[in-house]
Protein chains: 2
Amino acid sequence: MAGGAPRRLPTLDEVAERAGVSRSVASRALNNAPHVSRAKREAVERAVRQLGYVPNPTARALATRQTGAAALVISGEDPSIFADPFFAQVIVGASAALEEAGLHLMLCLAASERGRERVAELLRGKGADGVMLMALREDDPLAELAEQAEMPVVFGGRPVGSTPRWFVDADNTGGAREATEYLLSRGRGRVATICGRLDTEAGRARYRGYRDAMLGAGIDPLPPREADFTEAGGAAAMAALLAEHGDVDGVFAANDNMAVGALRTLREAGRAVPAEVAVVGFDDLAVARVADPPLTTVHQPITALGREMARMLVALVGGQDPTPLILPTRLVVRASA
Amino acid sequence: MAGGAPRRLPTLDEVAERAGVSRSVASRALNNAPHVSRAKREAVERAVRQLGYVPNPTARALATRQTGAAALVISGEDPSIFADPFFAQVIVGASAALEEAGLHLMLCLAASERGRERVAELLRGKGADGVMLMALREDDPLAELAEQAEMPVVFGGRPVGSTPRWFVDADNTGGAREATEYLLSRGRGRVATICGRLDTEAGRARYRGYRDAMLGAGIDPLPPREADFTEAGGAAAMAALLAEHGDVDGVFAANDNMAVGALRTLREAGRAVPAEVAVVGFDDLAVARVADPPLTTVHQPITALGREMARMLVALVGGQDPTPLILPTRLVVRASA
DNA sequence: GAGGGGACTGGTAGCGCTTCCAGTTCCAGG
DNA sequence: CCTGGAACTGGAAGCGCTACCAGTCCCCTC
């Protein structure tokens with residue numbers, strides 16, 4: 001905004017005129033479609049350069065019925081959920097994959113009622129070529145909206161209670177099972193879990209993994225101790241756990257944030273980690289490496305998750321029918337267990 | 001995508017026909033513009049409901065020459081810079097403010113050359129109604145592009161070496177000065193700084209704050225010890241600092257990530273914090289509360305920064321001429337100093 | 001040298017919406 | 001009962017681009 005006159009941008013008509021061709025040819029040259037002679041193609045390119053022409057994306061969108069943008073919708077009534085670095089990594093992956101495909105990324109934090117409405121409009125009014133949906137809760141109104149949308153929808157993680165046609169998820173159950181089995185294999189007999197919100201599929205799946213591992217070892221699993229995936233929630237859950245089961249010697253926390261909270265509570269309670277209580281997290285965020293002691297955790301490929309979601313969406317937009325993807329997790333052993 | 005026929009969405013024409021009015025009236029009714037009788041307005045509303053009509057945002061954009069979207073561009077050659085939770089908070093603020101104004105948020109991680117090009121197109125081709133620009137480096141090519149763009153541009157933080165017409169920044173110098181003065185006031189005589197990248201204005205401004213405070217107290221400031229705003233960088237810088245100035249008793253780190261790294265190095269070196277060395281950070285991210293010991297740090301209103309950037313942009317898009325904003329910081333005293 | 005096919009070309013019809021403007025309707029006031 | 005003006009209405013002209021299609025041109029083959 002140089003403050004000068006609001007100069008109109010050159011249009012394709014002007015480019016065509018300057019290049020001495022028709023608008024159609026100019027259009028084809030620009031989209032390097034066939035049926036343009038070499039000479040005219042070059043003339044068009046020259047005209048574009050001279051005029052500093054940039055195609056108007058809106059007009060193009062109207063004509064092609066493609067917006068050139070994909071939306072990433074993050075549900076959840078509390079916008080602070082987004083503060084979880086998890087999403088930042090997803091975005092990095094999705095952004096890179098979309099960029100490759102020439103799509104823009106629209107980010108929708110569907111927290112407020114108003115935000116939800118706007119997502120609904122987006123979905124129903126073709127405001128984007130496709131949508132990636134994450135962090136859905138049980139009975140999330142977005143789920144139904146997505147179902148009805150005449151638009152490709154890829155889920156990141158699965159919604160509770162239904163398996164969408166297209167999704168990318170991490171192997172939550174497998175990862176949680178591996179974590180728990182690891183604790184058991186290290187001689188921990190009283191292993192508890194601080195599970196995430198059980199109104200999310202990730203929370204449930206990770207609890208299932210814990211339970212499966214316990215049952216597999218012939219030990220009664222403890223009932224789920226639910227927390228909200230935050231550090232504070234993890235700390236509180238750990239405190240409650242100590243109060244009820246003072247003899248616990250291993251904890252699988254369903255994400256790193258809660259694990260870090262648990263570490264804090266244990267430290268404050270004077271319990272040595274891992275000597276007295278071993279702790280395993282889930283996610284392998286940056287915080288896991290920095291925690292004290294460094295956190296043993298289940299690594300999930302978060303950036304890849306974003307990338308694959310975007311790729312799946314791109315395939316869908318391109319008329320293909322990709323298959324859902326479940327990404328592998330792996331245990332990263334550090335000092336806390 | 002129910003898999004059914006790709007049913008065409010109802011258009012305004014159909015709404016108008018059904019309501020028994022002309023397209024113009026229907027349009028006006030929808031945008032609740034004047035010159036529509038009550039009866040027709042209601043008829044239109046009814047038709048909209050019956051048909052499940054949603055205006056096509058692309059067509060609207062073409063006609064109004066407004067895209068209804070604002071872009072947030074985060075520069076930096078390394079996309080992992082985005083992993084800094086700082087940006088997540090900015091996004092939360094910006095998203096909320098844009099939502100209020102009815103604008104969508106496009107997120108551009110301008111890391112690769114390709115990404116940069118796409119931003120350039122966005123800027124020159126009116127792909128958005130306005131742009132928020134962050135994390136510019138010295139000689140960032142984006143700066144010039146923004147200058148030439150016929151489009152409102154708001155800077156988050158200031159680019160090195162120039163003061164843009166519209167920006168929102170935190171009081172970096174003031175905050176850094178306060179942090180350093182606090183260390184000095186607690187009897188620390190050998191205060192060093194781990195400063196951020198000096199090819200960013202934030203890095204420079206915070207170093208200036210440190211230097212000013214030192215000079216104000218009549219003490220020679222140490223030369224800037226540059227790190228890259230990451231935890232690993234902070235840890236390395238702290239190690240180097242200990243090697244060169246073993247008697248340091250206070251450290252001001254230019255952000256929390258580096259401060260946490262410094263804490264780790266100090267712990268590993270067996271230096272007690274704050275007894276032997278006091279540490280102060282900058283940002284007041286979540287990690288500061290969780291650090292061991294909890295980090296004394298300079299709080300900056302990051303969400304507000306995002307919010308105010310967006311508001312400024314909205315004002316600009318609306319034809320107003322807002323004034324730049326410098327947001328206050330404040331020292332949050334915890335255990336590390 | 002005529003016929004045929006393929007590579008180009010440009011006119012034209014949209015895409016779905018807003019907005020200008022000329023025309024119509026409706027009342028209050030004269 | 002007529003007039004003037006305000007409120008309302010709808011036809012039509014775009015916004016800038018793509019895409020279909022009929023037409024032109026060139027060159028190769030029989």
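The sequence lines fix the lettering, A, B, ..., with proteins before strands; numbering per chain opens at 1. Values below: all heavy atoms of this structure, side chains included; hydrogens, waters and symmetry mates excluded.
The list of salt bridge (Lys or Arg N to Asp or Glu O under 4.0 Å) pairs with a residue in residues 301-327 of chain A, not counting sequence neighbours, reads A/R165-A/D321, A/E308-A/R311.
Between its opening and closing five pairs, the helix from C/dG1-D/dC30 to C/dG30-D/dC1 changes axis direction by 50°, a value rounded to 10 degrees.
Between chain A and DNA chain D, the heavy-atom contact criterion of under 4.0 Å yields a 5' to 3' nucleotide range of D/dG16 to D/dA19.
Residues that satisfy the salt bridge (Lys or Arg N to Asp or Glu O under 4.0 Å) test with A/E99, not counting sequence neighbours, are absent from this structure. Annotation: side-chain hydrogen bond (donor to acceptor under 3.5 Å, both in side chains) contacts of B/E121 (sequence neighbours excluded): none. Under the salt bridge (Lys or Arg N to Asp or Glu O under 4.0 Å) criterion, B/E45 pairs with no residue at all, not counting sequence neighbours. Every residue two or more places apart in sequence or in another chain that forms a side chain to side chain contact (heavy atoms under 4.5 Å, CB included) with B/A110 is listed here: B/V73, B/V119, B/L142. By the side chain to side chain contact (heavy atoms under 4.5 Å, CB included) test, B/P164 is found to be paired with B/F155, B/R158, B/P159, B/F167, residues two or more places apart in sequence or in another chain being considered. Judged as a salt bridge (Lys or Arg N to Asp or Glu O under 4.0 Å), and not counting sequence neighbours, the contacts of A/R38 are A/E42. Residues satisfying the side chain to side chain contact (heavy atoms under 4.5 Å, CB included) criterion with A/R137, sequence neighbours excluded, are A/E77, A/D140, A/R197, A/D199, A/T200.
Contact check, A/S37 against C/dA7: no side-chain N or O comes under 4.0 Å of OP1 or OP2.
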Identify every side-chain donor-acceptor pair in residues 17-26 of chain B under 3.5 Å, counting partners at least two apart or on other chains, and give the distances.
from  : atom 1 : to    : atom 2 : distance (Å)
B/R18 : NE     : B/Q50 : OE1    : 2.7
B/R18 : NH2    : B/Q50 : OE1    : 3.2
B/S22 : OG     : B/S24 : N      : 3.3
B/S22 : OG     : B/V25 : N      : 3.4
B/R23 : NH1    : B/D13 : OD1    : 2.4
B/R23 : NH1    : B/D13 : OD2    : 3.0

Heavy-atom contacts, protein to nucleotides 13-25 of chain C, under 4.0 Å, summarised as B (base), S (sugar-phosphate only) or - (none) per nt, yield BBBBBBB------

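Minimum interatomic distance between A/P141 and A/R116 (heavy atoms only, all atoms of both residues): CG-NH1, 3.7 Å.
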